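Take a look at the structure set out below.
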Amino acid sequence: MLQVPFIRDNKDLVIERLAKRNIDAAEDINQVVALDEARRGLQTKLDNALAEGNKLSKEIGGLFKSGDIDKANVLKEKTSQLKVDSKELTEALNNTTSALNELLYKLPNVPNKLVPSGNTEDDNEVVFKEGDIPILDDDALPHWELAKKYDIIDFELGNKITGAGFPVYKGKGAKLQRALITYFLDKNTEAGYTEFQLPHLVNEASGLGTGQLPDKEGQMYHVAADNLYLIPTAEVPGTNIFRDVVVNEIDLPIAITGYTPCFRREAGSYGAHVRGLNRLHQFDKVEIIRVEHPTKSYEALNGMVAHVKTILQELKLPYRILRLCGGDLGFTSALTYDFEVFSTAQDRWLEISSVSNFETFQANRLKLRFKNSEGKNELAHTLNGSSLALPRVLAGILENYQTKDGILVPEVLQPYTGFKIIN
RNA sequence: GGAGAAAUGGCAGAGUGGUCGAAUGCGGCAGUCUUGAAAACUGUUGAGGGUCACACCUCCGGGGGUUCGAAUCCCUCUUUCUCCGCCA
């Protein structure tokens, strides 16, 4: 959620930047400013009424003590009108505040100046490209065929047990997946991230905290009996660690990593590109999360990008990095870099990581602050990224490492798998 | 799942209707003493909002109620602990 004081002071900039997302926010922004002014006016009036009431109560207390009941009763009369007033003011204040919040919840984050304008993923800007795209035989197979051929992933079995999008990994497939998870976690902890094991279900407050609720309600699986949501990403439990927290400035930055399964309903996304591992309802992901000082967050974002790069370099996978355009930028993000790995047999790029700086957008909802050098509480910046999303990395490995004799295991993973080839 | 108890400042722990935002201890901070440190002693120290700074408002697990006035009384929810049952 955007900060009202920031909107107040930078009205034109906010409107101009939000235009990168192809939205005309002028009306909403003006309304935010107006509602905020009304809110503050009501708050002052209410505070004054309450102060008056407090004063009278104290006087009445004193009069009762000294036995001056008549005078006390006169003052009591006076308080009744005050009570009516403050009740009305409270109601008006609540109405104004919720109207303001409703509006604020609807407004996405203000894009960073680097964000290119554009509508669709075609307008994303390729900022980096690395790795050779292997030249495969004519009879090279897409990963879902390979999965069947070597009996390492069973899509139909998942279908039977649960439904489409819940594959079953078997034998060397399961082992390779586990090897990747461990490898990613090791890389992350080596880079200074502390490993966490987090809950896979979250409550409503956590969903609100990271911005999945209220706007993306339909994308999460909901456990109605207990009003809990299955996490769509470790970002939700991971970032909510810091909900309602004031950290010390010297404790920044905070860097954590965690492996979790992720559950996404993916309502409405059917079509040509959802085969095999490309789009699942349940998948595994290792996430990195940072809490940063506002002056350091973009440096940190670059650091996260560099970190993910080293992993892909070690895996020797061809990949590219995109700077997301305004139209493709997530609701809560100010700047996002997507990593895509080239899926040779499908002849297309697959998104395997998304690294974002949310600046204070999440921190504002979360009330995640740090005590600055002046002793004042200030909102921290939050960032997160995938390192990495498993299924598509797996798809990339299977397709790019296929040979006539089988699928080779990338060298860095061999200590983790204990085998060099899947055949 | 059943029965009972509890939730107060960084922590421990008083406080059952009126100068209580809250005793006391520990911790923190500052000082005295000391070559330095420790100990001892003295002072200081809850949080959030608001203000240039004050004023002022809010907060004793969450929400609601009674009252001129609630940490204190009532309702409700949540969480924790103890005992019993079940159990990976």
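Letters A, B, ... are given to chains in the order of the sequence lines, protein chains preceding strands, and every chain is numbered from 1. Only heavy atoms go into these numbers, but all of them, side chains included; no hydrogens, no water, no symmetry mates. Computed from a predicted structure; not experimentally measured.
- Side-chain contact annotation: A/Tyr416 with A/Arg178, donor-acceptor N/O pair under 3.5 Å absent.
- If A/Asn54 and A/Asn377 are placed on RNA chain B by their nearest nucleotide, the residue sitting closer to the 5' end is A/Asn377.
- Among the protein residues, A/Thr79 comes within range of the sugar-phosphate backbone only, with heavy atoms under 4.0 Å from sugar or phosphate atoms but none that close to a base.
- Among the heavy atoms of the strands lying under 4.0 Å from A/Lys76 is at least one base atom, whether or not backbone atoms are also near.
- A/His381 and A/Glu292 form no side-chain donor-acceptor contact under 3.5 Å, judged by distance and modelled atom types alone.
- Across every strand in view, B/C60 sits unpaired, with no contact that passes the Watson-Crick or G-U test at under 3.5 angstrom.
- The separation between A/Leu75 atom CG and B/G18 atom C1' is 14 Å, rounded to whole Å.
- If you check B/C68, B/U58, B/C56 against the side chain of A/Leu50, the one that comes closest is B/U58.
- B/G25 and B/C41 are spaced 11 Å apart, taking the P atom of each and rounding to whole Å.
- Annotation: side chain to side chain contact (heavy atoms under 4.5 Å, CB included) contacts of A/Pro232 (sequence neighbours excluded): A/Gln212, A/Met220, A/Val236, A/Arg264.
- Atom-to-atom, CG of A/Leu82 to P of B/C57 comes out at 12 Å; the value is rounded to the nearest Å.
- Of the two residues near RNA chain B, A/Asn48 and A/Gly62, the one whose nearest nucleotide lies more 5' is A/Gly62.
- Across all strands shown, A/Asn73 has no heavy atoms under 4.0 Å from either base or sugar-phosphate atoms.
- If you take NZ of A/Lys45 and C1' of B/G50, they are 18 Å apart, rounded to a whole angstrom.
- Comparing B/C68, B/C57, B/U51 by their closest approach to the side chain of A/Ile60 singles out B/C68.
- Pair check for B/U19 finds none; no Watson-Crick or G-U wobble contact set falls under 3.5 Å.
- Spacing between atom CD of A/Glu52 and atom P of B/U58 amounts to 13 Å, rounded to whole angstrom units.
- Spacing between B/A39 and B/A22 at atom C1', rounded to whole Å, works out to 31 Å.
- Base pairing annotation: B/A55 forms no Watson-Crick or G-U wobble pair, as no partner gives both donor-acceptor distances under 3.5 Å.
- Computed from coordinates, the A/Leu42 CG to B/G50 C1' distance equals 16 Å when rounded to whole Å.
- Side chain to side chain, A/Asn109 and A/Thr332 fail the donor-acceptor criterion of an N or O pair below 3.5 Å.
- In this structure, A/Lys371 reaches the sugar-phosphate backbone alone: every heavy-atom distance under 4.0 Å involves primed, P, OP1 or OP2 atoms, never a base.
- Pairing for B/G31 is with B/C41, a Watson-Crick or G-U wobble pair whose two hydrogen-bonding atom distances lie under 3.5 Å.
- We find that CG of A/Asn248 is positioned 13 Å from P of B/G10, with the value rounded to whole Å.
- Regarding A/Lys367, its NZ atom lies at a distance of 18 Å from the P atom of B/A47, rounded to whole Å.
- With a 6.0 Å cutoff to the six-membered ring centre and a 45° limit on the axis angle, A/Lys175 does not count as a cation-pi contact of A/Phe419.
- Nucleotides B/G48 and B/G21 have their C1' atoms positioned 13 Å apart, rounded to a whole Å.
- Ring orientation note: the planes of A/Phe339 and A/Tyr319 are close to parallel, at an angle under 30° on the 30°/60° scale.
- For B/A12, the paired base is B/U24 (Watson-Crick or G-U wobble, both distances below 3.5 Å).
- In this structure, of B/G49, B/C57, B/G69, it is B/G49 that holds the atom nearest to the side chain of A/Arg369.
- Within 4.0 Å (heavy atoms only), A/Leu56 reaches no atom of the nucleic acid at all.
- Pairing partner, B/G4: B/C81, with both Watson-Crick or wobble hydrogen-bond distances short of 3.5 Å.
- In this structure, CD1 of A/Ile69 is placed 14 Å from P of B/C68, rounded to the nearest angstrom.
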